[in-house]
Number of protein chains: 2
Amino acid sequence: MIKLSNLADYAVELMCCIALKPESIRGSASLAEQTKIPLPTASKILGLMVKAGLLVSHRGLNGGFSLGIGADKISITDIIEAVDGPVQLTNCLGEDADDCDRISSCGTRSQWYRINEAVKDALGSVLLSQMIESVPDFIGDGMVDDLPLISKLIN
Amino acid sequence: MIKLSNLADYAVELMCCIALKPESIRGSASLAEQTKIPLPTASKILGLMVKAGLLVSHRGLNGGFSLGIGADKISITDIIEAVDGPVQLTNCLGEDADDCDRISSCGTRSQWYRINEAVKDALGSVLLSQMIESVPDFIGDGMVDDLPLISKLIN
DNA sequence: CCAGAAAAAGACCAAATTGGTCTTTTTAAG
DNA sequence: CTTAAAAAGACCAATTTGGTCTTTTTCTGG
């Protein structure tokens with residue numbers, strides 16, 4: 001099964017959570033509890049987000065995290081790549097491409113490049129601001145039993 | 001780093017190799033040698049391709065594999081999914097979606113569905129016949145030092 | 001019909017990756 | 001200066017992945 005890593009999945013969720021209250025500074029404990037992500041794991045992810053410039057951290061008492069740039073400037077690709085590294089479907093697309101000992105007998109690299117770009121575009125076409133559009137902003141303050149439309153499509 | 005599994009990568013290469021000589025039946029040993037993929041691993045992949053209907057196997061002496069359907073009917077998604085299972089970026093997109101204990105507090109599922117479809121389209125937009133178009137058909141019969149165009153783009 | 005060659009099937013092992021924990025250090029507020 | 005919080009990074013465990021090996025089945029050619 002082709003899937004994202006759990007960490008990438010978590011990261012998007014945490015970012016959504018933060019983007020829903022862009023003005024407030026949230027501590028990792030609060031975010032972890034709200035998203036039900038184990039605290040140390042959430043911390044690690046938040047650290048990666050800061051390193052990527054997607055969040056800014058505020059140290060010391062009452063510290064926490066807030067968006068580093070606007071939610072409409074952050075794409076899903078940005079978040080995923082901050083956690084899992086670049087989208088690079090095959091080994092021969094990276095800088096270590098020469099490690100591929102089949103490179104001289106493989107004519108598919110230019111096709112792989114096209115496919116890779118297409119996948120990157122697909123992931124990059126959704127912005128964080130779009131991810132949260134349909135999310136009621138009272139999430140976490142109380143349970144909402146309002147399943148997304150998608151459940152009707154896939155069942 | 002977001003990448004395909006090695007098996008999926010191998011699978012595409014094996015399929016290309018077979019599609020280049022669509023009329024002939026090739027044994028797994030020959031294919032493994034040509035692609036420099038370890039024989040037992042190649043066998044396993046070829047078996048998966050047969051199970052998916054992309055290849056047909058011919059048992060017995062002088063047996064081997066040949067395309068099950070036309071190379072222009074096989075997309076990269078078909079090959080990848082035969083090896084790695086369905087493209088399903090997040091856990092909440094499958095039939096075990098209800099296992100997600102955040103489902104009622106997560107409004108992003110419909111967005112994930114969109115992203116997943118976009119990625120599937122990206123992978124599905126390339127056919128096996130296109131993958132081999134630019135490949136000189138004397139591959140494997142001798143070393144070709146004709147690097148694909150792509151090397152100029154990414155370096 | 002028999003012997004041999006090849007694929008099929010599946011149990012099994014090892015290494016790499018991933019997810020997660022814990023500890024120590026740094027920073028800032030009060 | 002004390003305390004609370006983030007940062008950093010060493011470390012561990014579990015899953016997944018890649019790969020091997022063995023046994024069974026099936027077909028061809030003699």
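This structure is a prediction, so every number in the text was calculated from the model and none was measured. All heavy atoms count here, side chains included; hydrogens, waters and symmetry mates do not.
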For this session: Tell me which residues in residues 22-32 of chain A put a heavy atom below 4.0 Å from DNA chain C, sorted by number, or none.
Result: none

Exercise. Can you check the B/Leu14 CG to D/dG18 P distance for me, whole Å?
Worked result: 14 Å

Exercise. Do you know which of A/Leu128, A/Ile25, A/Leu55 makes side-chain contact (heavy atoms from CB on, under 4.5 Å) with A/Ile18?
Worked result: A/Leu55

For this session: Indicate, with yes or no, if B/Tyr10 and B/Leu46 share a hydrophobic cluster defined by side-chain heavy-atom contacts under 4.5 Å among Ile, Leu, Val, Met, Phe, Trp and Tyr.
Result: yes

Exercise. Is there side-chain contact between A/Ile2 and B/Gln88, with at least one heavy-atom pair below 4.5 Å?
Worked result: no

Exercise. Looking across every strand, which nucleic acid part, if any, lies under 4.0 Å from B/Pro38 by heavy atom: base, sugar-phosphate, or nothing?
Worked result: sugar-phosphate

For this session: Give a yes/no answer on whether the side chain of B/Ser57 brings an N or O atom under 4.0 Å of OP1 or OP2 in C/dA8.
Result: yes

Exercise. Quick one: A/Leu39 CG to C/dT23 P, roughly how many Å, whole number?
Worked result: 14 Å

Problem set entry | Pairs satisfying salt bridge (charged side-chain N to carboxylate O under 4.0 Å, His left out), at least one member in residues 118-127 of chain A, at least two apart | A/Glu117-A/Lys120

Problem set entry | Main-chain N/O of A/Val87 paired with A/Glu81 side-chain donor or acceptor, under 3.5 Å | yes

Restricting both atoms to N or O, compile the protein contacts to nucleotides 23-30 of chain D shorter than 3.5 Å, with distance only.
from, atom 1, to, atom 2, distance (Å)
D/dT26, O4', B/Arg59, NH1, 2.6

For this session: Measure the shortest side-chain to side-chain distance between B/Thr90 and A/Lys3 over non-hydrogen atoms and say whether it is less than 4.5 angstrom.
Result: no

Exercise. Would you say the side chain of A/Ser24 lies within less than 4.5 Å of the side chain of A/Lys21, judging by non-hydrogen atoms?
Worked result: yes

Exercise. Nearest-Å distance, CZ (A/Phe65) to P (D/dA5)?
Worked result: 12 Å

For this session: Could you tell me which non-hydrogen atom of A/Leu89 sits nearest to which non-hydrogen atom of A/Asn116, and how far apart they are?
Result: N-OD1, 2.9 Å

Below 3.5 Å between N/O atoms, which protein atoms pair up with nucleotides 10-19 of chain C? Just atom names and distances, please.
from, atom 1, to, atom 2, distance (Å)
C/dG19, OP1, A/Asn6, N, 2.5

Exercise. B/Ile37 has an atom CD1; how far is it from atom C1' of D/dT20, in whole Å?
Worked result: 16 Å

Scan the side chains in residues 62-79 of chain A for donor-acceptor partners under 3.5 Å anywhere in the protein, sequence neighbours excluded, and list what turns up.
from, atom 1, to, atom 2, distance (Å)
A/Ser66, OG, A/His58, NE2, 2.9
A/Ser75, OG, A/Thr77, N, 3.3
A/Ser75, OG, A/Asp78, N, 3.3
A/Ser75, OG, A/Asp78, OD2, 3.3
A/Thr77, OG1, A/Leu123, O, 3.4
A/Thr77, OG1, A/Gly124, N, 2.8
A/Asp78, OD2, A/Ser75, N, 2.9

Problem set entry | Any residue meeting side chain to side chain contact (heavy atoms under 4.5 Å, CB included) with A/Leu61, in chain and number order, not counting sequence neighbours | none

Problem set entry | pair A/Ser28-A/Leu39: side-chain heavy atoms closer than 4.5 Å | yes

